[in-house]
Novice: 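To start, I am sharing the structure in question, which I have written as structure tokens.
The figures that follow rest on heavy atoms only: side chains count, while hydrogens, waters and symmetry mates do not.
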Amino acid sequence: MRKRWVGAALVALLAGAVLEGTSGVSRGLPVARVVAFEGGGEAGRPSGVGWAGLAGRGGGGERRPSGADGVGTTILLMGIDDRSTLTRDELRKFHAGGEACHCTDTLMLVHVSAKQDRVSVVSLPRDSLARIPAHRDPGTGEWVPPHDAKINSAFKEGGPALSVRTVEEATGVPIDHYLQIDFRRFIDAVNSAGGVDVCTSREINDPATKLKLPPGTHHLDGGRSLQYVRSRKFDGAADLGRVQRQQRFLVATLKRLQSHPTDLLKLSRTLLGTIKVDQGFKDTDLLSLATTLTHLPASSTEFATVPIAGFNDPLPNIGSTLAWDPDRAPEVFAHLREDRPLTPPNSESRPSDVPEFTAYEPVRGTSMACN
């Protein structure tokens, strides 16, 4: 059975920049789109109700010019289900065994506003039904026509570039950068930052990850953090509960780094390594972004999951998939494209203890932080 997790990739946005010091910081956030994003031939169009796309809604395939002013910057965070670099002892200790799917187990759109005064995070459940754009198979070179599949399968079929194209087609949100992280980088990155404090209002006793935590606040190292962000079988909320814990973990990680800024350099060397160039980030980009994010209060961050309408009918060779709400989902993505906040001014909304399946609950980071 596949087991799930979230990447600590948002941390990379903060950490990688300090490699070049803190002088000469640009107030603007430069956009250097990854070249691979622009390739791809026929990208495919939406093909039916329940598909995670925006046909006829002003979002499907529209693309702003690279480096467009006044629209902010959007990053796609991808947590990759690849546990091949973990030792046998680690696989056993952290209950991360089983067959890896080599797919995006976690997808998050992170939008930094043009004024750099707000960060909006929208999670995209891995089982969402999407249209995979036409592409060439990287192994055989054969042409693969557009087809329906779970959104997380794009990475397995064509790597990060195809994942980016799939999400752009599904949401209509242009993506400027991407970051990906596997189990190994996640564990090592959390350890290099000295661990993270997480809090839970209810007991966690997950039969799959074997994580047991009583109510309260807990300091977790990298391995236990991996168990925390992958747990989804104890509260009845399945993937949506897991997504909420992933978002809480990001808030906790930002808080940790803001109070321990000297950990940024160690974490960046562990998490980013040499992949920052491959993923479209220049040192100047990271420096500007990191400087902004490390000074943002939790009240200037906001989190949501794309609105869900329900389950689609099972599809041959695909199985059960989630349908995005055809009315509310486009509105959420329009907010990102147009650089508008997800939450109203002075919002004090709090996330449900157990997320409701079809509820849409955008909240500020303050409501997800440990007190």
Side-chain angles (χ1 to χ4, degrees), residues 1-11 52 76-83 94-98 100-101 103-110 121-129 150-153 155 180-183 186-187 190 196 198-213 215 218 220 222-253 303-308 310-311 319-322 324 350-363 365 367-370:
M1 180 178 295
R2 293 173 182 168
K3 297 182 180 180
R4 307 178 177 197
W5 74 296
V6 63
L10 185 56
V11 180
L76 180 64
L77 304 188
M78 296 183 286
I80 310 303
D81 184 356
D82 180 1
R83 58 201 78 176
F94 304 127
H95 300 275
C101 69
C103 59
T104 48
D105 213 29
T106 296
L107 284 169
M108 291 183 180
L109 285 170
V110 177
V121 179
V122 177
S123 294
L124 310 176
R126 54 167 283 160
D127 291 335
S128 303
L129 181 63
K150 292 182 179 180
I151 198 169
N152 69 332
S153 67
F155 187 91
Q180 67 183 72
I181 180 174
D182 60 14
F183 285 14
F186 179 89
I187 290 176
V190 174
V196 173
V198 301
C199 50
T200 177
S201 61
R202 60 172 56 216
E203 179 185 17
I204 295 178
N205 187 358
D206 192 275
T209 66
K210 307 301 182 184
L211 180 67
K212 294 183 180 181
L213 295 176
H218 306 273
L220 305 182
R224 297 243 291 168
S225 293
L226 182 66
Q227 291 173 281
Y228 173 79
V229 297
R230 294 176 60 233
S231 295
R232 66 183 191 92
K233 293 188 175 182
F234 70 93
D235 59 3
D239 210 35
L240 296 185
R242 182 181 69 106
V243 164
Q244 185 187 91
R245 281 182 290 281
Q246 294 168 359
Q247 295 174 347
R248 289 183 183 275
F249 188 83
L250 291 181
V251 173
T253 304
F303 295 82
T305 300
V306 60
I308 303 297
F311 285 100
S320 180
T321 58
L322 293 175
W324 294 353
R350 303 190 63 83
S352 299
D353 188 35
V354 178
E356 297 181 14
F357 187 64
T358 58
Y360 174 62
E361 301 178 320
V363 298
S367 70
M368 306 188 83
C370 296

Novice: Taking ring pair (Phe, Tyr, Trp, His ring centres under 6.0 Å) as the definition, give me every residue that meets it alongside Phe311, ordered by chain and number, with sequence neighbours left out.
Specialist: Phe357
Novice: NE2/His218 to OG/Ser225 distance, rounded to the nearest 0.5 angstrom?
Specialist: 12.0 Å
Novice: Measuring only between side-chain heavy atoms, which start at C-beta, is His95 closer than 4.5 Å to Asp206?
Specialist: no
Novice: Applying side chain to side chain donor-acceptor pair (under 3.5 Å), run through Gln246 and Ser123 and close with a yes or a no.
Specialist: CA-CA 9 Å; Gln246 294 168 359; Ser123 294; 5.2 Å; no
Novice: With a 4.5 Å limit on heavy-atom distance, are the side chains of Ile308 and Val306 in contact?
Specialist: yes
Novice: Return the minimal non-hydrogen interatomic distance between Val229 and Phe186, and the atom names on each side.
Specialist: CG2-CZ, 3.9 Å
Novice: In Å and rounded to the nearest 0.5 Å, what is the CD1 to CD1 distance from Ile80 to Ile181?
Specialist: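 One finds 10.0 Å between CD1 of Ile80 and CD1 of Ile181.
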Novice: CG/Leu211 to CG/Leu226 distance, rounded to the nearest 0.5 angstrom?
Specialist: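 So the CG of Leu211 and the CG of Leu226 are separated by 10.0 Å.
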Novice: Is any side-chain heavy atom of Gln247 closer than 4.5 Å to one of Thr305?
Specialist: yes
Novice: Within the structure provided, determine whether Pro215 and Arg202 are in side-chain contact (heavy-atom separation under 4.5 Å).
Specialist: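 SC-SC contact between Pro215 and Arg202 ruled out.
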Novice: Mind listing the closest non-hydrogen atom pair of Gly365 and Phe303 along with its distance?
Specialist: CA-CE1, 4.0 Å
Novice: Within this structure, what is the OG1-CG distance for the pair Thr358 and Leu322, rounded to the nearest 0.5 Å?
Specialist: 11.5 Å
Novice: Could you tell me which non-hydrogen atom of Arg224 sits nearest to which non-hydrogen atom of Phe94, and how far apart they are?
Specialist: N-CE2, 4.1 Å
Novice: The criterion is side chain to side chain contact (heavy atoms under 4.5 Å, CB included); which residues satisfy it with Val196, sequence neighbours excluded?
Specialist: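 Val196 satisfies side chain to side chain contact (heavy atoms under 4.5 Å, CB included) with Val190, Val198, Phe249, Ala252, Thr253 only.
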Novice: Does some side-chain heavy atom of Ile151 sit less than 4.5 Å from a side-chain heavy atom of Leu129?
Specialist: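 Not in contact.
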Novice: Considering all heavy atoms of both residues, which atom of Ser367 and which atom of Arg248 are nearest to each other, and what is their separation?
Specialist: O-NH1, 4.1 Å
Novice: Does Thr200 reach the side chain of Tyr228, with side-chain heavy atoms less than 4.5 Å apart?
Specialist: no
Novice: Within the 4.5 Å heavy-atom criterion, are Leu77 and Thr106 side-chain neighbours or not?
Specialist: no
Novice: Could you tell me whether the side chain of Met78 reaches within less than 4.5 Å of the side chain of Leu107, counting heavy atoms only?
Specialist: yes
Novice: Could you report the tightest heavy-atom contact between Leu240 and Pro125, atom names first, then the distance?
Specialist: CD2-CG, 4.3 Å
Novice: Can you tell me how far apart CG (Asp127) and NZ (Lys150) are? Round to the nearest 0.5 Å.
Specialist: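 Between Asp127 CG and Lys150 NZ, I get 4.0 Å after rounding to 0.5 Å.
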Novice: Please report the interatomic distance CZ(Arg232) to CD(Gln244), rounded to the nearest 0.5 Å.
Specialist: 16.0 Å
